[in-house]
Amino acid sequence: MKGLRARLTGAIAAVLIVGLLLPAGVWGGPKSEFVAVAGMWSPPNNFNPINTDSSYGFYCVRFMFMGMVEARVENNQMKFFQALASKWEVGADNQTYTFTIHPRAAWHDGKPVTAEDVLFTLMTISDPRTETNRGAQIASIAGLDARGKRAAGAQLGFRILEPKKFEIKTTTPVDPTMFLEMFGANVYILPKHVLGDVPPDQLARHPFFHNPTVGNGPYKFVQYKTDQFVEFLLNENYHLGAPNVRRVFVRIIPPATMLAQIERGDLDVSAGFGIGEVLIEDWDRVKGMAHVRAVSFPAPGYQYMLFNFQRPYLQDKRVRRAFAHAVNRPLMVSQLLKGEGELAEGPIPPANPYFNKRVRPWPFDTARARALLTEAGWDFNRTVILRVPTGNIIRERSADIIRENLIAAGVRVEIQKSDFPTHIAALRSGTYDLGLVGWAGPTDPDVSSQYRTGGQYNFSGHSIALMDQILDEGAKTADPTKRRAVYDRFQEVFADELPMVTLYYANARTAVTKRMVNVLFDASGLFDFQTYRWVAGTQ
Amino acid sequence: MQRYLVRRALVTIPILFGITVMSYFIMSLTPGDPVQMLINPGMSQADVEIKRRALGLDRPVHVRYAKWLNELVHGNLGYSYSTGAPVTKRVGERVAPTLTLTVTALVLSYMIAIPIGVVVATRRYTWIDYAATFLAFLGISLPTFFLGLAGIYVFALRLRWLPVGGTMTLGGDGGLLDLLLHLILPASVLAVAGAGALTRYVRSSMLEVLGQDFVRTARAKGLAEATVLRRHALRNALIPVVTLAGLQIPALLGGAVITEQIFEWPGMGRLTIEAINQRDYPVLMGITLITALLVTLGNLLADITYSLVDPRIRYE
C-alpha cells in the first residue's frame, strides 16, 4: 500500500515536470515561413469596408478588400500601385478617370470583380440611407453633393465601358493625385453578388461584416477570436500573385505587453502608426534586440492645441502667437519623444509632398510671449482652462509642460482631464479655452474640414476669411503645380493666423522582425502595403 | 413554497424594470455621444447625420427608452452601436471565457487561503503567522497590473514556460491542455490577489471557532488534534467564508478588467470598458440587465438553499 502511494506520487511528479517543460518548446514564437503575426492595440469593431469606424478595423479590412490602387509616399512623392485596377488613365480635363480592373481580379468565391461591383459600392456609399464613413472620399464625383450623397433622381458620374472597365466623371476638374488617393486607395469594393439585395439601411448590421468570407484581397478571412486575433489565409488566386506567407494573424495586444511579445518572437510586425507602436519607454530596448528591426518613420499625424474662438480674448492673433512662443515644443520632442519627432507650424506634415519648408515654427521664447500678451492687453489674472483627453500618456505629459510654460509667461492655467468622448463633447459645446487633440489625415493637403469656416472638424469654431479663400482655391485647383503654390501660401497664412498651435509630429515607432521581408508602410503609416509580397524567413 | 416562488418571481419584474429605467436615463446623462466621438477624415457631415438617425440618437431619451423596452419585450436586446452585432451575441460570447477565468481564480484562491489560514490560526504569533500576514498584505496591496506584468516577465519571458496572453495558441486547434496553459498565469494572478484578504478571513474565523466550547469538548474527549481541527473546527469556521463566496457570484460574471486587459482575455470586464469608452449604450444596457437578472436569481437561489439547509427557515 505504501509502495503504491509512493509510486503514484512519483508518477504525478513526473507528469507535472514534463507538463512544465513541454510548453517551453511549444512557445518559441512563429518561426515558420508560412506564418506571420502582426500586432495592434485594440480589437476591430467589424470588417465593414465602408463603415468600420477605426484604423483597427481598416487594418484588418485591407488584408481582405482592395480598392482600385494602393498608395504610398516615396521620396516625397505620392505613388500609386496596382490593386484591383491594372490600369488607370486621367483625362486631359483632369475630370475624367478611366479604370481597368485586372482581368484576373476575382472574389474569393471565384466570381470576377467587375465594374458593376464598383458601381454598387459607390451607389451604396452615396445612398442617404447607408451608414458609412466613406462619404467624404467620393464627394468629388459628379452627381453627388459636397457631402458625398446622391439626391433623388441624380445621375452618378459613372459609366461602365466594358465589364471590367469604367469611367468616372468628377463634378469639377480635380487634382488627379487627390482623386486617386480618395477614391482609388481609400474606397474598398464590396461584392454586389453577395450584398446587392440587402436594403441600405440594414447593411451596417449585416452578419457578413463579422464573417466576410467573400473578399477580393490577397488574404481570405478565416476567423476572428474576439479580442484575441483575426486569422487570414492566403488567397492562392490573388491576381497579382499568390502571397508568400500562408497565414497571417493580426493579434490584439495591449501596449504594456507588446514588448514581451516582440522579445519572445511571438510578434513579427507591429501594425503601425497610431494602432500598434512600441511605447516610448520600451523603444531603446527594442532597438537593442538582435532579431528585430526597430523602424521609426515620420507619420502623417500630429498633436495640437486648439483655441476656443468663442472667447473674445483668444481672437487676437497676437495672443495665439504668444501661446506658440510660450510652449516649449523642442522639449516635447527631445524629452517626451526622445527625439523621435519633428516640429512644424501647421497641419501639413514635414514628410508630406506639400510641406512648405520655408515656414518655420515660432521659437520657444517666454519673454516674447509675455511681451505679446501685454501688447494685446491680456488680463494676467484670468485663468484659462486646458482640456486634455486621457489615454495618450505622452499627450497627457505634454499638457503638464504646456501648463508650466504658460505659467512662466504669466498665464494661469487649469487642466481638466476626461475620457475621449467627454473631451469631444466639451470641445463641441465650447466649455474650454485650450484643448488638446490629435489628427491624422490623408496625404492630400485639403484640410478644409478642420480649418475652413463651419468645417466638420473645426472644433475651435474659427472663421478666417483669408484662409477660407485659399482653402477653396486649393480644393478647386486641378493643376498640381498651381495647387502646390496655393498650399505653400496656405501654410504661410496658417503660421501667421495660428488657429491652433501644432505641438509635434511624432514618428511612428514600430518593430519588424528581421526574418520579415517586404514589409512596408502605406500612405497612412500602417504596415499593410502590398501584403501579398510579404516574405517570412525562418529564424 | 410554490406560492412564495411565484411571488418572488413577480416582484423581480418591477425591480428589473426599475433598474433599466435608472440605468438608461443615467447613461443618457453621460457627456459625449457615440457618433460625435467618431472622428474620421473620410466621414462626411452627411455620414454623421445618417449614422445618428440610424442609431436613433436624434430622438429624445424617453422615446429611445420606450423603443428599447419594446424590443426587449419581444426578446431583442438591440444591436451594438460600434460593431453592429446583436447585443446578445456580443455579451453572450464573453460569458464562458469570463466564468472560466474568474471561477478558476476563485477556486484557486480558496485552495491557497484555507490551508494557510488554518495553519497560521493554530500557530498564532509565531514566525509563520507573521510571514503569512506579511504575504497576505502583499497580496492585497500589490496591484494586479504589477502582478500580471511581473508574472509575464518571469514565466513567459525568462522561463518561457507559459504564453504571454490569449486563450489559445495561434494556428493551434485549441483543446483543454492549451486552454489550461493559457489560463495558469491570469488565474494565478487573480487568485493571489484574492487570496490575501481571504487568508485573513479564514484565520480570524478559525481563531473564533477554536475558542468555542465544543472544540474544548472535542479535545477533552481525547481526539487527535488533526481530527479536532479538520472535523470540528474547520467545518464551522468555513461557514462565514463560504457565505463570502456567495457574495462574489455577481463579481464573477463582471470579470476582471485589468487582468483581462493584460492577458488578452476576452472577458466581460473588457467588454464593459470598451462599451463605456465607445458609449455603446445597447451593449451597456445588455450587460446591466443580464447582471441584474443574475443577481436577482442568485439571491433567490440563496434564500431557497437556506430554507433547505436550515430547518428554522420556512417560506410561506
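So that the names make sense, note that chain A is the first sequence line, chain B the second, and so on, each numbered from 1.
- With a threshold of 4.5 angstrom between heavy atoms, Tyr153(B) approaches chain A through side-chain atoms but not through N, CA, C or O.
- Contact count versus chain A (heavy atoms, under 4.5 Å) is highest, among Pro97(B), Pro86(B), Ala85(B), for Ala85(B).
- Environment of CZ in Phe146(B): sparse, with no more than 12 heavy atoms of neighbouring residues, nucleotides or ligands closer than 6.0 Å.
- Within residues 279-287 of chain B, the residues approaching chain A closer than 4.5 Å by heavy atoms are, in numerical order, Arg279(B).
- A pairwise comparison of heavy atoms in Met37(B) and Phe420(A) identifies O-CE2, 3.7 Å as the closest pair.
- Contact tally against chain B (heavy-atom pairs below 4.5 Å) for Gly135(A), Pro44(A), Ala426(A): the top residue is Gly135(A).
- Counting heavy-atom pairs under 4.5 Å between each of Ser55(A), Gly441(A), Pro128(A), Ala204(A) and chain B puts Pro128(A) at the top.
- Here CG of Asn277(B) is found 8.0 Å from OG1 of Thr390(A). Values are rounded to the nearest 0.5 Å.
- In this structure, chain B has a heavy atom under 4.5 Å from the side chain of Asp419(A), while its backbone stays farther away.
- Only the backbone of Ala440(A) comes within contact range of chain B, judged by heavy atoms closer than 4.5 Å.
- Side-chain contact check for Asp227(A) versus Glu260(B): every heavy-atom pair is 4.5 Å or farther apart.
- Neither the backbone nor the side chain of Asp446(A) comes within contact range of chain B; no heavy atom of the residue lies under 4.5 Å from a heavy atom of that chain.
- Contact between Ile424(A) and Gln36(B) at its shortest, heavy atoms only, is CG2-O, 3.7 Å.
- Heavy-atom distances place no part of Arg247(A) under 4.5 Å from chain B, backbone and side chain included.
- Considering only heavy atoms from C-beta on, Tyr457(A) stays 4.5 Å or farther from Pro41(B) through its side chain.
- With Gln456(A) contributing its side chain and Met43(B) its backbone, the two residues share a donor-acceptor pair below 3.5 Å.
- With a 4.5 Å cut-off on non-hydrogen atoms, Ser449(A) does not touch chain B at all.
- Dense packing is recorded around CZ of Arg428(A), with more than 12 heavy atoms of other residues, nucleotides or ligands lying under 6.0 Å away.
- In this structure, chain A has no heavy atom under 4.5 Å from any part of Gln278(B).
- Residue contact with chain A, scored on non-hydrogen atoms closer than 4.5 Å, involves the backbone and the side chain of Thr167(B) alike.
- Among the residues in residues 48-63 of chain B, those with a non-hydrogen atom closer than 4.5 angstrom to a non-hydrogen atom of chain A are Val48(B), Glu49(B), Ile50(B), Lys51(B), Arg53(B), Ala54(B), Leu55(B).
- The CG atom of Asp145(A) sits 7.5 Å away from atom OG of Ser44(B), with the distance rounded to the nearest 0.5 Å.
- When Asp33(B), Leu38(B), Thr30(B), Ile39(B) are compared by the number of non-hydrogen pairs under 4.5 Å with chain A, Ile39(B) comes out ahead.
- The pair Glu93(B)-Lys225(A) fails the salt-bridge criterion, with no side-chain N (NZ, NE, NH1 or NH2) lying under 4.0 Å from an Asp/Glu carboxylate O.
- Under a 4.0 Å N-O distance rule, the pair Lys149(A)/Asp47(B) qualifies as a salt bridge.
- Residue Ser54(A) does not touch chain B at all, counting heavy-atom pairs closer than 4.5 Å.
- When each of Gln137(A), Gln261(A), Arg129(A) is checked for heavy-atom pairs under 4.5 Å with chain B, Gln261(A) comes out on top.
- For the atom pair CD1 (Ile253(A)) and CD1 (Ile262(B)), the distance works out to 14.0 Å, reported to the nearest 0.5 Å.
- Between Glu264(B) and Phe229(A) there is no side-chain heavy-atom pair separated by less than 4.5 Å.
- The shortest distance between side-chain heavy atoms of Ile152(B) and Thr257(A) falls below 4.5 Å.
- Only the side chain of Pro43(A) has a heavy atom closer than 4.5 Å to any heavy atom of chain B.
- Note on Gly267(B), Gly32(B), Pro31(B): by heavy-atom pairs under 4.5 Å with chain A, the leading option is Pro31(B).
- Contact count against chain A (heavy-atom pairs under 4.5 Å) is highest for Pro266(B) among Gly165(B), Pro34(B), Pro266(B).
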